[in-house]
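Presented below is the structure to which this report refers.
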Amino acid sequence: MATAVWAAARLLRGSAALCARPKFGSPAHRRFSSGATYPNIPLSSPLPGVPKPIFATVDGQEKFETKVTTLDNGLRVASQNKFGQFCTLGILINSGSRYEAKYLSGIAHFLEKLAFSSTARFDSKDEILLTLEKHGGICDCQTSRDTTMYAVSADSKGLDTVVGLLADVVLHPRLTDEEIEMTRMAVQFELEDLNMRPDPEPLLTEMIHEAAFRENTVGLHRFCPVENIGKIDREVLHSYLKNYYTPDRMVLAGVGVEHEHLVECARKYLLGVQPAWGAPGAVDVDSSVAQYTGGIIKVERDMSNVSLGPTPIPELTHIMVGLESCSFLEEDFIPFAVLNMMMGGGGSFSAGGPGKGMFSRLYLNVLNRHHWMYNATSYHHSYEDTGLLCIHASADPRQVELERAKTQLMSMLMMNLESRPVIFEDVGRQVLATHSRKLPHELCTLIRNVKPEDIKRVASKMLRGKPAVAALGDLTDLPTYEHIQAALSSRDGRLPRTYRLFR
């Protein structure tokens, strides 16, 4: 302690000496330039003869507003300003596994694998990739339960070429027998990998949706069932594409492009074009609203050999419990997002550091207190007409500041929106669902306005519903669905004494 005081005193004395003026004469000052061109000019004054600088100014919303134009055929064109040499653009479609009730399950999965294959203008996938490479471009296709997205990132100078390529990929795929056969093999491999991988999160997500929305909309299989792999052919795909790949269900979104140029390209390649499956006839679109059912899906499986090696992962049983939340169009969506951030969590081996959930409720009240818990993570899945808040726990066979969760959510939102592909997806999905886009500062305002009573209200409403449960692994000691439901609705959340570690 004495040493620290002595060091501090020396530091203060040194600082005082540096700031002191000499006893006689003018104040001492240092010459900042060894040359004599501009002698004795302080750094706070402009240099003579140098042009006056022009600084950027904030104008309204800083010109970050999303521009949206609707073409005569119903297709929407949306763009967002972002400076730089490259742009990200793509076509988003209201299409996915939730619309397959009248079709063979797995069509969306097949279309994802067939994307960017041969088209009317391009003889092969290699030719498409070579065309994109001329503009430094890369491409990708992703399908979810309610959206299919074809995306390209490339040099902005190649905008016309890229939009033409995207239009051809979406509206004029050849779907040859060879490509479909290769896709069958790819789907088969992906299903085998899904069942063998050490991380069960994708499989559990599939199971929890199936339990929560049994046999309807977002509860339908996102991955193609094994029995349907050999049944899906060009005729089946065309019958689906005819109903769901229509202009009124599409958005052409771009980030880092001029809006007028993008609209011009859209009119050139996407207006008045007849797709490969012919002119749309009587469109038969499934407009079913998601019906939450709750329930349990169990898969008994030996998890002892999923990670072979010198240091294998311990055998774990995986449980995911979900409750109905709300759609992203409802006002309660923001409180639910804050609640999900408050729950947080993570893995017991990956929580050491800022932003890893060390102060979330799941980390403090589950991972910190129960050494046999390996993972406890919260997820929030939200759709146009429903939502699902889930907690994933992996184990051997409550208190947190609201402001922290709100700040962390805003921080995550703003950091993610630094990325051009993320902005593209945000623009496309919002315009596809609502015909407009909420800007980041609007979302941050909504997050700041969340009150403790909002969190209590949405949590209480959610806990009154039936749970959805997905369980994978050794389920010998799994509590019954009725006991899980009773624990969630009780005041202390405890299971019957039979299931407690210390009876």
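All values reported here derive from a predicted model rather than from experimental measurement. Sequence positions, counted from 1, serve as the residue numbers for this chain.
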[atom1]-[atom2] distance between [X] and [Y], expressed to the nearest 0.5 angstrom:
X: Met207; Y: His318; atom1: CE; atom2: NE2; answer: 10.5 Å
X: Phe122; Y: Thr131; atom1: CZ; atom2: OG1; answer: 4.5 Å
X: Ile297; Y: Leu204; atom1: CD1; atom2: CG; answer: 11.5 Å
X: Leu241; Y: Ser95; atom1: CG; atom2: OG; answer: 7.5 Å
X: Ser79; Y: His261; atom1: OG; atom2: NE2; answer: 12.0 Å
X: Phe424; Y: Lys82; atom1: CZ; atom2: NZ; answer: 15.0 Å

Report yes if the side chains of [X] and [Y] come closer than 4.5 Å at any heavy-atom pair, otherwise no.
X: Glu112; Y: Thr148; answer: no
X: His380; Y: Ser325; answer: yes
X: Asn81; Y: Val257; answer: no
X: His259; Y: Thr69; answer: yes
X: Leu194; Y: Pro202; answer: yes
X: Val77; Y: Val68; answer: no
X: Thr386; Y: Ser327; answer: no
X: Leu388; Y: Leu323; answer: no

Over 12 foreign heavy atoms within 6.0 Å of CG, Asp193: yes
Atom CD of Glu201 with >12 non-hydrogen neighbours under 6.0 angstrom: yes
Test salt bridge (Lys or Arg N to Asp or Glu O under 4.0 Å) applied to Arg267 and Glu264, step by step: CA-CA 5 Å; Arg267 289 198 174 104; Glu264 181 185 332; over 6 Å; no
Under a plain distance cut-off of 3.5 Å, with no hydrogens placed, do [Y] and [X] share a side-chain donor-acceptor pair?
X: Tyr103; Y: Asn243; value: yes
X: Asn416; Y: Glu418; value: no
X: Thr66; Y: Gln80; value: yes
X: His221; Y: Ser97; value: no
X: Asn228; Y: Ser105; value: no
X: Arg429; Y: Thr147; value: yes

Partners meeting side-chain contact (heavy atoms from CB on, under 4.5 Å) with Ser490 (sequence neighbours left out): Asp492
Worked verdict on Ser153 versus Thr88 for side chain to side chain donor-acceptor pair (under 3.5 Å): CA-CA 4 Å; Ser153 288; Thr88 299; 2.8 Å; yes
Trace of the side chain to side chain contact (heavy atoms under 4.5 Å, CB included) decision for Asn94 with Leu432: CA-CA 7 Å; Asn94 263 330; Leu432 191 65; 3.7 Å; yes
Is it the case that the side chain of [X] and the backbone of [Y] share a donor-acceptor pair, with hydrogens and angles ignored and the cut-off at 3.5 Å?
X: Arg76; Y: Asp248; value: yes
X: Asp454; Y: Val450; value: no
X: His109; Y: Cys224; value: yes
X: Gln291; Y: Val289; value: yes
X: Lys67; Y: Ala78; value: no
X: Ser239; Y: Val236; value: yes
X: Thr407; Y: Glu403; value: yes

Look at [X] together with [Y] and state whether they make a salt bridge at an N to O cut-off of under 4.0 Å.
X: Lys456; Y: Glu453; result: no
X: Asp332; Y: Arg457; result: yes
X: Lys438; Y: Glu442; result: no
X: Arg464; Y: Glu324; result: no
X: Asp385; Y: Arg98; result: yes
X: Asp426; Y: Arg437; result: yes
X: Lys242; Y: Asp284; result: no

Distance-minimising heavy-atom pair for [X] and [Y]:
X: Ala211; Y: Thr293; result: O-OG1, 3.5 Å
X: Pro467; Y: Leu488; result: CB-CD1, 3.5 Å
X: Ile138; Y: Leu132; result: C-CD1, 4.3 Å
X: Leu165; Y: Arg121; result: N-NH1, 4.0 Å
X: Ile208; Y: Ala468; result: CD1-O, 3.2 Å
X: Ala253; Y: Leu262; result: C-CD2, 4.5 Å

Among Glu206, Glu100, Glu210, salt bridge (Lys or Arg N to Asp or Glu O under 4.0 Å) partner for Arg145: Glu206
Residues which pass ring pair (Phe, Tyr, Trp, His ring centres under 6.0 Å) with Tyr99, listed by chain and number, not counting sequence neighbours: Tyr244
Test side chain to side chain contact (heavy atoms under 4.5 Å, CB included) applied to Thr143 and Tyr150, step by step: CA-CA 9 Å; Thr143 61; Tyr150 298 81; over 6 Å; no
Derivation of the side chain to side chain contact (heavy atoms under 4.5 Å, CB included) call for His238 and Tyr245: CA-CA 10 Å; His238 275 185; Tyr245 276 42; over 6 Å; no
Derivation of the ring pair (Phe, Tyr, Trp, His ring centres under 6.0 Å) call for His209 and Tyr383: CA-CA 12 Å; His209 278 82; Tyr383 304 97; 5.7 Å; yes
Worked verdict on Met320 versus Val469 for side chain to side chain contact (heavy atoms under 4.5 Å, CB included): CA-CA 6 Å; Met320 189 175 279; Val469 181; over 6 Å; no
